[in-house]
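The block underneath contains the structure these notes are about, expressed in structure tokens.
One is the number of the first residue; the rest follow in order along the sequence.
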Amino acid sequence: MGKLTKPPGQLLVKRMSTRTKGLLVAPLGLLLFSVGLWVFSEAAAAKHASAPFRQWFLWGSYSLILINAGLLLFGQAVRYRAQLDYRRFVRRELKKRDREWARFRPKRKASPGKGEAK
């Protein structure tokens with residue numbers, strides 16, 4: 001059996017920065033969530049209008065899928081944002097630590113070059 005090929009977008013998503021992923025996933029999650037709520041209200045309206053069981057049941061199930069997908073994507077965007085904030089915090093702390101260590105570290109004298117006398 002041959003080697004399985006990866007989906008075309010998988011490499012593209014893997015190369016994206018965390019910031020880009022977060023900026024794409026957050027609005028998509030909110031959009032799916034709001035569409036899911038709209039479909040849910042349509043299912044409720046169909047039920048109250050005495051539509052057949054299958055119609056409003058399928059609309060309601062579809063709406064729950066959309067709502068959960070939207071929440072999942074928005075939660076993923078929050079996770080990306082938390083990763084960005086944590087990385088920023090760590091970088092700042094490391095810079096502070098380097099500056100503090102630089103104050104206590106004795107300055108080295110420049111070593112003479114090849115052509116210079118000692």
Side-chain angles (χ1 to χ4, degrees):
M1 187 147 200
K3 188 175 182 182
L4 296 174
T5 59
K6 292 184 180 181
Q10 187 175 10
L11 188 59
L12 177 70
V13 171
K14 195 173 187 178
R15 289 182 179 174
M16 278 186 197
S17 69
T18 305
R19 178 179 165 84
T20 305
K21 288 177 191 175
L23 289 175
L24 288 174
V25 171
L28 185 62
L30 289 175
L31 181 70
L32 279 176
F33 181 73
S34 57
V35 168
L37 289 178
W38 173 72
V39 172
F40 186 74
S41 69
E42 289 295 320
K47 181 180 179 185
H48 289 295
S50 299
F53 172 77
R54 179 185 287 172
Q55 181 183 1
W56 62 262
F57 178 78
L58 290 176
W59 278 69
S61 299
Y62 180 59
S63 72
L64 291 176
I65 291 169
L66 289 173
I67 289 170
N68 285 326
L71 288 175
L72 178 96
L73 287 176
F74 191 74
Q76 188 70 23
V78 170
R79 182 173 165 249
Y80 288 141
R81 182 63 189 192
Q83 283 179 347
L84 283 173
D85 290 344
Y86 181 72
R87 288 176 188 164
R88 185 177 298 143
F89 172 75
V90 168
R91 285 184 189 128
R92 285 181 184 165
E93 291 299 314
L94 288 175
K95 283 182 183 179
K96 282 182 191 176
R97 188 178 299 167
D98 286 346
R99 282 189 294 246
E100 289 175 6
W101 279 92
R103 276 191 287 169
F104 298 114
R105 206 175 318 147
K107 304 253 181 187
R108 291 185 183 181
K109 294 181 182 179
S111 60
K114 287 184 177 182
E116 298 176 15
K118 289 185 182 181

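- Here L12 pairs with M16 under the side chain to side chain contact (heavy atoms under 4.5 Å, CB included) rule; sequence neighbours left out.
- By the salt bridge (Lys or Arg N to Asp or Glu O under 4.0 Å) test, K95 is found to be paired with no residue, residues two or more places apart in sequence or in another chain being considered.
- Between R97 and E100 there is no salt bridge, since no side-chain N of the basic residue sits under 4.0 Å from a carboxylate O of the acidic one.
- The number of heavy-atom neighbours closer than 6.0 Å to NZ of K47, taken from other residues, nucleotides and ligands shown, is 12 or below.
- Every ring pair (Phe, Tyr, Trp, His ring centres under 6.0 Å) that W56 has, sequence neighbours left out, goes to F53.
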Going by atom type alone, with no hydrogens or angles, which donor-acceptor pairs under 3.5 Å involve a side-chain atom of residues 22-42 and a protein atom two or more places apart or on another chain?
residue	atom	partner	partner atom	Å
S34	OG	L30	O	3.1
S34	OG	L31	O	2.9
S41	OG	W38	O	2.7

Listing, residues 74-91 side-chain donor-acceptor contacts under 3.5 Å, not counting sequence neighbours, or none:
residue	atom	partner	partner atom	Å
Q76	NE2	Y80	OH	3.4
R87	NH1	T18	OG1	3.1

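- The stretch residues 6-15 participates, sequence neighbours left out, in no salt bridge (charged side-chain N to carboxylate O under 4.0 Å, His left out) pair at all.
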